[in-house]
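Structure record follows, encoded as structure tokens.
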2 protein chains.
Amino acid sequence: MTSEPNLLAVIQRQLNELNKSEAKVALAILNAPEEATRSSIASLAASAGVSEPSVNRFCKRFGATGFPDFKLQLATSLASGVRYVSRAVEFSDDINTFPTKLFDNAINALMTAKEELPLKAIARAVDQIAQARRVYFFGLGTSAAVARDAEHKFFRFNVPVFTHEDPLMQRMLAASAGVGDLFFFISHTGRTKVLVEAAEIARQTEATIVSLTAEGSPLADKSHCCINVKVEEDTEQYLPMTSRLVQLVILDVLAAGVTLRRGEGFTPHLARIKDSLKDTRFQTS
Amino acid sequence: MTSEPNLLAVIQRQLNELNKSEAKVALAILNAPEEATRSSIASLAASAGVSEPSVNRFCKRFGATGFPDFKLQLATSLASGVRYVSRAVEFSDDINTFPTKLFDNAINALMTAKEELPLKAIARAVDQIAQARRVYFFGLGTSAAVARDAEHKFFRFNVPVFTHEDPLMQRMLAASAGVGDLFFFISHTGRTKVLVEAAEIARQTEATIVSLTAEGSPLADKSHCCINVKVEEDTEQYLPMTSRLVQLVILDVLAAGVTLRRGEGFTPHLARIKDSLKDTRFQTS
DNA sequence: CTCATTATGTAGTAAATTTACAAATATTCA
DNA sequence: TGAATATTTGTAAATTTACTACATAATGAG
């Protein structure tokens with residue numbers, strides 16, 4: 001059953017080709033679609049001013065097996081039609097509205113990213129990380145926090161992992177790199193000069209350069225492998241950067257990829273790391 | 001009727017609190033949600049191995065007026081994009097499946113959190129942050145990265161902001177606190193000993209203590225204001241912590257709240273901060 | 001105007017859902 | 001432990017809902 005992307009539009013379009021009573025049904029539904037999904041065939045027939053079988057015939061005409069099936073398709077269509085949209089926070093907002101907006105924006109960013117995941121690049125990055133002898137995560141500003149998060153995740157793979165927020169350290173480490181070193185650059189814009197310069201320096205060595213950044217940016221150009229994160233329009237000035245959430249999840253994906261690559265025999269190692277924290281916590285009462 | 005954004009997640013979460021037969025129904029639905037939306041109460045009852053009224057009671061327990069209404073909500077929920085509940089990554093997964101799973105888990109976590117936002121606590125925390133003379137963000141491990149992110153966000157409010165990952169620094173700073181100081185503790189479990197101890201030390205001063213952590217945890221107990229983040233079941237061992245994403249967005253919410261509190265006259269200040277970065281970037285070609 | 005065709009409604013039937021109640025199971029407290 | 005009580009679950013009947021077959025009404029062509 002391939003349900004229509006937008007059933008209401010289809011109904012609207014065929015309006016003139018319908019019989020009198022079918023048209024009445026159509027109008028009743030178009031007027032109050034949500035209500036239609038909740039009503040019985042009898043009440044819909046009443047509100048359209050026709051008989052019940054007319055409603056039933058109407059449903060079959062639009063590809064449904066019957067009235068319940070039609071309602072289902074309608075509900076599905078309505079739900080998927082109401083897409084999340086970036087909604088800016090305004091000064092007229094209050095505690096009941098702006099938290100929801102921010103969550104919606106975050107969810108929206110992840111949903112969008114999920115649909116356009118650059119799987120090839122991800123697979124390649126997993127390969128390269130799995131083979132690396134040493135991994136550096138470099139970011140600045142907000143991306144430094146993302147890099148820190150990555151460090152907390154990737155050290156589990158028995159590969160030395162480093163993070164530095166200091167651009168000078170980043171430059172010097174880049175300059176002294178060699179075969180087996182992997183530099184993972186994280187940047188929202190991909191245009192931050194000092195970071196791009198560090199990438200350039202690293203590029204002149206034998207090291208591998210992977211970046212998580214905007215497509216076509218200077219940083220992307222310097223990389224052996226670039227995982228593109230779509231940059232949202234910067235229209236709303238004071239919205240928090242949802243891109244960093246996407247970056248975090250993509251790093252989760254990379255870590256999961258490396259774990260799978262290591263194979264099932266690797267799980268005891270992970271379990272040991274987890275267990276090592278037990279004594280640092282108060283036990284559940 | 002406010003239909004659930006993600007009904008499956010709600011069902012999943014309440015699994016342990018259900019009766020035997022209700023749990024059977026829940027599992028049947030979680031196993032084949034799409035099918036459930038198309039089947040009659042009789043066939044669903046049969047495939048769950050329970051009686052029809054049990055299915056009906058199950059539906060009512062989840063806020064539906066009856067079985068048809070439940071199916072409708074389920075269909076709506078499925079259509080809205082995120083189809084699956086906490087799905088563990090397995091060693092049989094490949095590049096086409098596990099990235100989607102991880103994104104779904106992340107989206108799911110945010111949607112769930114959005115539904116149960118502790119607005120009162122958030123409003124209070126905004127008040128307290130807005131009034132603070134100095135703010136410390138303390139976290140350890142993954143939460144240290146979250147604290148770092150918070151630092152990058154809150155310094156904009158003209159209030160000195162500090163982060164420290166070092167437990168000893170955290171203790172000493174806590175001990176030397178006074179009126180106007182605000183300690184913001186971030187912890188997934190709320191049970192990490194050294195962090196709870198730091199909170200306890202801070203509590204003995206005149207400082208305000210806000211925490212972003214699990215409800216009822218030792219850390220929550222030490223706080224003047226606790227923003228609860230539901231802790232997901234730790235069933236799947238090697239799933240990444242989605243709670244940190246929720247924490248980040250909640251910190252975004254707090255920052256937005258403080259911005260709104262500062263009022264419209266504050267925007268030039270924010271704009272100046274933003275502009276200050278311009279020269280650090282390569283211009284768009 | 002009549003016949004053929006299509007459209008619509010009526011009434012009966014089958015199916016699905018819900019309710020009321022009784023049996024079975026679990027829980028509490030002596 | 002065992003009786004008393006509460007909770008859970010299923011049975012069966014009632015009710016609601018949807019569908020089918022058929023009859024009537026409307027429309028259009030010749």
Side-chain angles (χ1 to χ4, degrees), chain A residues 1 3 7 11 13-77, chain B residues 1 3-4 7 10-11 13-77:
Chain A
M1 186 192 71
S3 68
L7 188 51
I11 294 173
R13 189 145 24 89
Q14 298 208 2
L15 205 53
N16 357 3
E17 294 156 32
L18 296 174
N19 300 330
K20 253 183 266 172
S21 41
E22 284 176 347
K24 284 188 203 167
V25 177
L27 287 174
I29 291 170
L30 290 171
N31 271 331
E34 283 89 358
E35 202 187 315
T37 62
R38 277 178 266 119
S39 46
S40 70
I41 195 169
S43 63
L44 180 57
S47 80
V50 299
S51 69
E52 296 180 21
S54 288
V55 175
N56 190 272
R57 281 187 284 261
F58 172 90
C59 297
K60 287 182 175 167
R61 175 183 270 266
F62 283 95
T65 68
F67 182 68
D69 183 46
F70 178 84
K71 281 200 295 190
L72 206 73
Q73 289 190 27
L74 183 59
T76 305
S77 164
Chain B
M1 186 194 72
S3 73
E4 279 300 340
L7 187 50
V10 176
I11 295 172
R13 190 148 26 86
Q14 299 207 2
L15 249 185
N16 347 2
E17 292 154 35
L18 295 175
N19 299 329
K20 251 182 270 171
S21 39
E22 285 175 344
K24 284 189 205 167
V25 177
L27 287 174
I29 291 170
L30 290 172
N31 270 332
E34 283 89 356
E35 203 187 313
T37 61
R38 277 177 264 119
S39 47
S40 71
I41 195 170
S43 63
L44 181 58
S47 80
V50 301
S51 69
E52 297 179 19
S54 288
V55 175
N56 191 269
R57 282 187 285 259
F58 173 90
C59 297
K60 287 182 172 165
R61 174 184 263 266
F62 284 94
T65 68
F67 183 69
D69 183 47
F70 177 85
K71 279 199 295 189
L72 205 75
Q73 289 189 28
L74 183 60
T76 304
S77 162

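Only this structure's heavy atoms are used, side chains among them; waters, hydrogens and symmetry mates stay out. Chain letters run A, B, ... following the sequence lines, proteins first, then strands; residues in each count from 1.
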So does A:S54 get a side-chain nitrogen or oxygen closer than 4.0 Å to the phosphate oxygens (OP1/OP2) of C:dG9?
yes

Nearest-angstrom distance from the residue atom NZ of B:K71 to P of D:dT17:
14 Å

Separation of atom NZ in B:K60 from atom P in D:dT9, rounded to whole Å
16 Å

Expressed as a whole number of angstroms, how long is the span from A:N19:CG to C:dT6:P?
11 Å

Spacing between A:R61 atom CZ and C:dT6 atom P, to the nearest angstrom
13 Å

Any A:S51 side-chain nitrogen or oxygen under 4.0 Å from OP1 or OP2 of C:dT8
no

Spacing of A:E22 atom CD relative to C:dT8 atom P, expressed in whole Å
7 Å

Nearest to the side chain of B:S21, heavy atoms from C-beta on, is which of C:dT18, D:dC19, D:dG10?
D:dG10

Which heavy-atom pair separates B:A64 from B:D69 by the least distance, and what is that distance?
CA-OD2, 3.2 Å

Does the A:T76 side chain pair with the main chain of A:L72, one donor and one acceptor, at a distance under 3.5 Å?
yes

Taking 4.0 Å as the cut-off, does a side-chain nitrogen or oxygen of A:K20 come that near to OP1 or OP2 on D:dT27?
yes

Check whether any side-chain N or O of B:S40 sits under 4.0 Å from OP1 or OP2 of C:dA15, and answer yes or no.
no

Starting at atom CD of B:E17, determine the distance to atom P of D:dT8, rounded to an integer number of angstrom.
13 Å

For A:N56 and A:F67, the nearest pair of non-hydrogen atoms, with its separation, is ND2-N, 4.2 Å

OP1 or OP2 of D:dA18 under 4.0 Å from side-chain N/O of A:N56
no

Considering heavy-atom distances to DNA chain D, does A:I41 or A:R57 have its closest nucleotide positioned more toward the 5' end?
A:I41

Counting any heavy atom closer than 4.0 Å, what does B:K24 reach on the DNA or RNA strands: base, sugar-phosphate only, or nothing?
nothing

In whole angstroms, how far is the P atom of D:dT15 from the CD atom of B:E52?
18 Å

Tell me if a side-chain donor or acceptor on A:S77 pairs with a main-chain N or O of A:L7 at a distance below 3.5 Å.
yes

In whole angstrom, give the distance that lies between atom CG of B:D69 and atom P of D:dT17.
13 Å

Flag, side chain of A:K71 to backbone of A:I41, donor-acceptor distance under 3.5 Å:
no

